[in-house]
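Presented below is the structure to which this report refers.
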Amino acid sequence: MKIASWNVNSLRVRLPQVLEWLLSNPVEVLCLQETKLVDEDFPVAEIEQAGYHATYAGQKTYNGVAILSKPAPAEVVTDLPDMDDPQRRVVAATMDGVRVLNVYIPNGQSVGSDKYAYKMRWLQALRAYVQQQLQSYPRLVLLGDFNIAPEDADVHDPELWAGKVLFSDPERQAFHDLITIGLHDTFRKFPQPENTFSWWDYRAAAFRRNLGLRIDHILCSDALHKLCTASAIDKEPRKWQRPSDHAPAVAEFAT
DNA sequence: ATGGCAATAGAGTATTGA
């Protein structure tokens, strides 16, 4: 089973690119973030035409997540149990015995801001939820836009980013706390090219200069980690006309 | 030191992202 994650920064704008990408990357499951669409506007027909079920939780202007899957989704959840949150940042479903938790973790804006406090609260609620879900689903994937670069190797200039949002110690600790409950970063199971990132600022020709961060992740449980045969980031769509600022991450499991 | 780009809402410019 191939599972991918892609922050598309508006599905309205990026739908043609999603369909194009799926043609050459026919993954079983594609998780999207920042769809920025209310549910009534979700392009169900186009997605079904491409051979995928669509499971989504959207809102106006901001956030919004979706799971596109060839297998039918079951046991759909769109909220963290401990978080009374109007922002649509979670969609979970089970496909072929694999529990998939697709998350768009808050950005945090700047260290010390209200949005940063919200991000840290959100991460705590997520950890509790994942811990609970692991009891029921030994085959679990937690993936999405984490808005956290966990290690120095995930940042083009760790000194420049030290202490800044996306790379501050509390955020990195929260990422590590997710790992310690029994998850693995699939990307690090395999040798990777140096300076591999998943996000590049639109400004200052950041992509051309490869000034990026790796903030989009595919984590999985012990049972799936043993079955993980590949994990990579596909930079190709970032080179296309009018791209998302994020590139897709893809992992393969021998399920 | 700051803004730089893009998307959205909505009608000039503010907000958010990361």
Side-chain angles (χ1 to χ4, degrees), chain A residues 5-18 31-43 56-66 85-90 102-123 126 143-175 187 195-218 233 235 237-249:
Chain A
S5 173
W6 193 3
N7 179 323
V8 290
N9 185 20
S10 168
L11 185 56
R12 212 187 297 278
V13 174
R14 235 66 70 183
L15 179 61
Q17 298 190 26
V18 168
C31 294
L32 304 177
Q33 303 87 35
E34 285 208 82
T35 54
K36 301 187 177 180
L37 286 172
V38 295
D39 290 348
E40 299 76 57
D41 292 343
F42 199 88
Y56 42 89
Q59 66 180 87
K60 195 175 169 175
T61 312
Y62 302 117
N63 311 313
V65 285
D85 188 3
Q87 301 190 27
R88 304 292 76 201
R89 298 180 174 277
V90 176
N102 175 23
V103 294
Y104 174 44
I105 293 177
N107 165 283
Q109 198 167 54
S110 59
V111 175
S113 67
D114 289 350
K115 291 195 176 71
Y116 185 83
Y118 163 65
K119 179 179 194 171
M120 299 311 296
R121 271 205 319 282
W122 208 96
L123 283 161
L126 175 65
L143 79 173
D145 179 356
F146 283 64
N147 274 315
I148 300 172
E151 304 293 340
D152 282 1
D154 302 315
V155 180
H156 69 90
D157 185 343
E159 283 183 33
L160 176 73
W161 281 86
K164 296 222 167 69
V165 75
L166 313 185
F167 193 54
S168 73
D169 288 339
E171 291 165 88
R172 296 169 67 187
Q173 182 62 51
F175 185 92
F187 186 80
N195 304 311
T196 299
F197 308 121
S198 68
W199 170 85
W200 301 261
D201 201 308
Y202 283 122
R203 299 167 291 186
F207 182 67
R208 184 177 56 73
R209 299 155 68 197
N210 198 27
L211 306 180
L213 306 176
R214 192 176 69 95
I215 55 177
D216 300 87
H217 306 294
I218 302 178
I233 294 167
K235 286 172 71 166
R238 190 62 176 79
K239 301 172 184 171
W240 296 350
Q241 288 294 313
R242 207 181 177 189
S244 166
D245 43 357
H246 295 252

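Everything numeric here is computed off the predicted structure, so don't read it as measured data. Atom set for the values below is all heavy atoms of this structure, side chains included, hydrogens, waters and symmetry mates excluded.
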Of A:Ile215, A:Leu160, A:Asp152, A:Val111, the residue whose pairing with A:Phe167 passes side-chain contact (heavy atoms from CB on, under 4.5 Å):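 Answer after filtering A:Ile215, A:Leu160, A:Asp152, A:Val111: A:Asp152.
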For the side-chain contact (heavy atoms from CB on, under 4.5 Å) test, which of A:Val103, A:Asp216, A:Ile218 pairs with A:Leu143?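 Filter result, single survivor: A:Ile218.
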[X] [atom1] - [N] [atom2] separation (whole Å):
{"X": "A:Asp216", "N": "B:dA18", "atom1": "CG", "atom2": "P", "value": "9 Å"}
{"X": "A:Trp199", "N": "B:dT16", "atom1": "CH2", "atom2": "C1'", "value": "13 Å"}
{"X": "A:Arg208", "N": "B:dC5", "atom1": "CZ", "atom2": "C1'", "value": "15 Å"}
{"X": "A:Asp201", "N": "B:dG17", "atom1": "CG", "atom2": "C1'", "value": "9 Å"}
{"X": "A:Arg88", "N": "B:dG17", "atom1": "CZ", "atom2": "P", "value": "16 Å"}
{"X": "A:Arg89", "N": "B:dT16", "atom1": "CZ", "atom2": "C1'", "value": "11 Å"}
{"X": "A:Tyr202", "N": "B:dA6", "atom1": "OH", "atom2": "P", "value": "7 Å"}
{"X": "A:Ile105", "N": "B:dA18", "atom1": "CD1", "atom2": "C1'", "value": "14 Å"}

Say we look at [N] and [M]: how far apart would their [atom1] atoms be, to the nearest angstrom?
{"N": "B:dT15", "M": "B:dG4", "atom1": "P", "value": "15 Å"}
{"N": "B:dG3", "M": "B:dT16", "atom1": "C1'", "value": "16 Å"}
{"N": "B:dT8", "M": "B:dA18", "atom1": "P", "value": "14 Å"}
{"N": "B:dA14", "M": "B:dG10", "atom1": "P", "value": "16 Å"}

So, the side chain of A:Asp39 versus the backbone of A:Gly58: is there a donor-acceptor pair under 3.5 Å, distance only?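 Yes; at least one donor-acceptor contact below 3.5 Å.
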Please confirm whether the ring centroid of A:Phe207 lies under 6.0 Å from the ring centroid of A:Trp200.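 Ring centres of A:Trp200 and A:Phe207 closer than 6.0 Å.
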So, is [X] near the phosphate of [N], with a side-chain N or O under 4.0 Å from OP1 or OP2?
{"X": "A:Arg203", "N": "B:dG17", "result": "no"}
{"X": "A:Asn7", "N": "B:dA18", "result": "yes"}
{"X": "A:His246", "N": "B:dA18", "result": "yes"}

Expected string for nucleotides 8-15 of chain B under the B/S/- scheme (protein heavy atoms, under 4.0 Å, primed atoms plus P, OP1, OP2 as sugar-phosphate) is SS-----B
Is the cationic atom of A:Arg214 (NZ for Lys, CZ for Arg) positioned less than 6.0 Å from the six-membered ring centroid of A:Phe197 and within 45 degrees of its normal?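 Relative to the ring axis of A:Phe197, which defines the angle, A:Arg214 lies outside at least one limit.
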Could you check whether A:Tyr104 gets within reach of a base, just the sugar-phosphate, or nothing at all, counting any heavy atom under 4.0 Å?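 Sugar-phosphate, no base atom in range.
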Determine the contact category for A:Asn147: base if any of its heavy atoms lies under 4.0 Å from a base atom, sugar-phosphate if only primed atoms, P, OP1 or OP2 are that close, otherwise nothing.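 The answer is sugar-phosphate, as A:Asn147 gets under 4.0 Å only of primed atoms, P, OP1 or OP2.
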Hey, are A:Tyr118 and A:Ser113 close enough side-chain-wise for a donor-acceptor pair under 3.5 Å?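 Absent: no donor and acceptor within the cut-off.
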If we ignore angles and hydrogens, is there a donor and acceptor under 3.5 Å between the side chains of A:Arg88 and A:Asn63?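 There is no such pair (donor and acceptor under 3.5 Å, judged by atom type) between the side chains of A:Arg88 and A:Asn63.
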